Colleague: 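Would you mind keeping the following structure in view while I ask a few things?
One-based numbering, in listed order, for ligands and for the atoms of each. What you see is a predicted model, and the numbers here were worked out from it, not measured in a lab.
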Amino acid sequence: MAQYDYDLFTIGAGSGGVRASRYAGRLGARVAVAEERYLGGTCVNVGCIPKKLFSYAAHYGEDIGDAAGYGWRIEQPTFDWPTLVANKDREIERLNGVYAKLLAGAGVTLLRGRATVVDAHTVEVEGRRVSARHILVATGGWPVVPPIPGSELAISSNEAFHLTALPRRVLVVGGGYIAVEFASIFNGLGVKTTLVYRGERLLKEFDADLGGFLAGQMQHKGMTIRLRSTIERIDRGGQGGALRATLDDASVLEADCVMYATGRAPNTRGLGLENAGVKMAANGAVLVDSQFQSSVPSIYAVGDVIDRMQLTPVALAEAMVVAENLFGSGGRSLDYEGIPTAIFSNPNVGTVGLSEARARERFGDIDVYRTNFGPLRHQLTGSGEQVLMKLVVDKKSDVVLGVHMVGPDAGELVQGFAVALKCGATKRQFDATIGIHPTIAEEFVTLREAVIQGQT
Ligand code: NDP
């Protein structure tokens, strides 16, 4: 391997890039990773981690109100946005340091600067060329804001993490993960929040019951949701320099901030992949096979840049496959079935397996179990928050195909059920499992009456 400067050169020190580099380093490979921005990528800096911290912050407001039902008197709570941002930034700085240490500990060389691909085995970083037996592209994605008149006045989630002041009124555009999460965050922090979505139902990619139920809960918590609506232009010119968003029905919404959460595109522009002959999809995603190998055998790609599932744990798993196959015992691939996910809206959404519609397409005859109820905690708070829980079961084999939930800590709860689904658990086994009382989770093992029954 010595004819190359490195055995592996990774472009991008985000979740996937760092994991592959570290693991390859541990396996004895000579590894370098280049990063032009921040260590830890989207997840650590402008994604999962700061978002979850903001989500906790937003929940406190509601919790303080709820506490009154339990006898707590908390007079006039106030919220200080700069304190939250500063504390969040401190935690991110700590994590950036942890990432640097992890790389150094695995003997990985970190090169600060933008890397571009020159050819199948050469990368250029800040004017310096280095050669590598393998190149791994792990450059992630970047928010996409549709090009409407005035779109430069809008922000994406990237900027939302660094707003100098909390807006009084916000419009959030989109109906996916980031839109519902940020609408919940802003609303929980006391911002008058309107969600504008072009479609019929939030979270369109998920089980059809989830988006509708979530929308109801979000509205109950004070958000305004405008479905089947598109912003056609944004102007400055509202009162006190506020923004004016003109919708397709000609109505005008005034806000201090318009945030687009309309998807993220793979980060491949200007990376030089075309020079090396790497094939990409129309949206710039690197096309890879089941081993994450691109059309150029020495170039691999993992994570958001391949645009399969834009989730940190998926990028980590993909990275492990690449490192293990290149420098370990090999023969690894990734099973994309049954990947659980959570959306940290308020309330949370947790889901694993097939939606009712997908299950019906694939298995035909299915049973559906569903319940919604007010959890015990809220019997004293009077908040009126409801929980939705749903199981989708293959009628013939009795195997549980999907577990879906809207409710507190749905992600925490669904993670365990994801293991059960990986093991092929049947509804009978769910029923034979004793519940933990009183919890919300116990409902998943006590659902007895199917609301929709298959034929066989
Ligand atoms: P999503 O793909 O989840 O949602 C994008 C939304 O924007 C959809 O509702 C889509 O509508 C809408 N949209 C797309 N284009 C336009 C347009 N031109 N005008 C109006 N609306 C439009 O993307 P996000 O940006 O929310 O998040 C990106 C990815 O990041 C997610 O898919 C997820 O993989 C990951 N993520 C994961 C999180 C987690 O694990 N908790 C949290 C945040 C992000 P339509 O449905 O009609 O196409």
Side-chain angles (χ1 to χ4, degrees), residues 14-16 41-56 140-151 154-161 171-185 194-206 208 210-212 214-215 218 225-234 245 247-248 258-267 283 285 303-318 336 339-352 355 405-406 409-412 414-415 418:
S15 304
T42 301
C43 177
V44 166
N45 295 277
V46 286
C48 330
I49 300 295
K51 179 275 312 290
K52 188 89 189 269
L53 295 175
F54 278 12
S55 174
Y56 287 134
W142 201 252
V144 178
V145 177
I148 56 157
S151 61
I155 63 165
S156 71
S157 52
N158 281 354
E159 293 75 42
F161 288 110
L171 302 184
V172 178
V173 186
Y177 277 87
I178 298 180
V180 298
E181 290 185 341
F182 264 91
S184 299
I185 287 167
T194 303
L195 183 73
V196 179
Y197 175 48
R198 66 182 178 183
E200 296 281 330
R201 188 183 80 231
L202 301 182
L203 303 179
K204 188 181 79 176
E205 303 301 323
F206 296 94
L210 297 178
L214 176 67
M218 287 170 72
I225 298 181
R226 297 198 46 159
L227 299 175
R228 297 174 290 277
S229 294
T230 305
I231 295 180
E232 292 198 324
R233 59 177 303 120
I234 305 170
L247 273 59
D248 51 349
V258 179
M259 180 187 138
Y260 272 80
T262 43
R264 297 172 58 87
N267 232 340
N283 70 348
D304 289 1
V305 79
I306 64 171
D307 198 23
R308 282 189 182 164
M309 292 184 96
Q310 298 179 23
L311 298 173
T312 284
V314 174
L316 298 179
E318 292 168 348
Y336 286 91
I339 292 177
T341 183
I343 299 147
F344 298 101
S345 46
N346 185 10
N348 288 184
V349 175
T351 175
V352 60
S355 66
M405 170 175 177
V406 181
D409 297 320
E412 302 289 347
V414 165
Q415 180 71 79

Colleague: With only distance considered, is Gly175 within less than 3.5 Å of ligand 1 through an N or O on each side?
Modeller: yes
Colleague: List the closest protein heavy-atom neighbour of atom 4 (O) of ligand 1: residue, atom name, distance to the nearest 0.1 Å.
Modeller: Gly176 CA, 3.4 Å
Colleague: Which residue owns the protein heavy atom closest to atom 30 (O) of ligand 1, what's the atom, and how far is it?
Modeller: Gln310 OE1, 3.7 Å
Colleague: For atom 28 (C) of ligand 1, which of Glu200, Arg264, Lys204, Arg201 has the closest heavy atom?
Modeller: Arg264
Colleague: Counting heavy atoms only, name the option from Val314, Thr262, Thr312 that's nearest to atom 22 (C) of ligand 1.
Modeller: Thr262
Colleague: I'd like to check which ligand 1 atoms, numbered from 1 as shown, lie under 4.0 Å from a non-hydrogen atom of Pro146.
Modeller: 17 (C), 18 (N), 19 (N)
Colleague: Out of Ile231, Thr42, Leu311, whose heavy atom is nearest to atom 40 (O) of ligand 1?
Modeller: Leu311
Colleague: Of all the atoms in ligand 1, which lie at a distance below 4.0 Å from a heavy atom belonging to Lys51?
Modeller: 41 (N), 42 (C)
Colleague: Kindly give the heavy-atom pair with the smallest separation between Pro143 and Asn158, and that separation in Å.
Modeller: CD-ND2, 3.5 Å
Colleague: Tell me: protein heavy atom nearest atom 15 (N) of ligand 1, and distance?
Modeller: Arg198 NH2, 3.5 Å
Colleague: Specify side chain, backbone, both or neither for Val144, according to which of its non-hydrogen atoms lie closer than 4.0 Å to ligand 1.
Modeller: neither
Colleague: Are Tyr260 and Val144 side-chain neighbours, meaning at least one heavy-atom pair lies under 4.5 Å?
Modeller: no
Colleague: On a heavy-atom basis, I'd like to know which of Tyr197, Phe206, Tyr260 is closest to atom 45 (P) of ligand 1.
Modeller: Tyr197
Colleague: Identify, by atom number and element, the atoms of ligand 1 in contact range of Ala261, meaning under 4.0 Å from any of its heavy atoms.
Modeller: 5 (C), 6 (C), 7 (O), 25 (O)
Colleague: Could you tell me if any non-hydrogen atom of Thr230 lies under 4.0 Å from any atom of ligand 1?
Modeller: no
Colleague: Between Leu202 and Ile225, does a side-chain contact (heavy atoms from CB on, under 4.5 Å) hold up when you go through it step by step?
Modeller: CA-CA 10 Å; Leu202 301 182; Ile225 298 181; 4.1 Å; yes
Colleague: Considering only the protein, which heavy-atom contact is closest to atom 42 (C) of ligand 1, and what is its distance?
Modeller: Glu181 OE1, 3.2 Å
Colleague: Specify whether Phe54 and Phe161 have parallel, tilted or perpendicular ring planes, treating 30° as the upper limit for parallel and 60° as the lower limit for perpendicular.
Modeller: tilted
Colleague: Given Ile178, Val180, Ile148, which one has a non-hydrogen atom that is nearest to atom 26 (O) of ligand 1?
Modeller: Ile178
Colleague: Using non-hydrogen atoms of the residue, decide whether Met309 is closer than 4.0 angstrom to ligand 1.
Modeller: no
Colleague: Can you find a non-hydrogen atom of Gly263 under 4.0 Å from ligand 1?
Modeller: yes
Colleague: Considering non-hydrogen atoms of the protein only, which is the closest contact for atom 37 (C) of ligand 1, and what is the distance?
Modeller: Tyr177 CD2, 3.3 Å
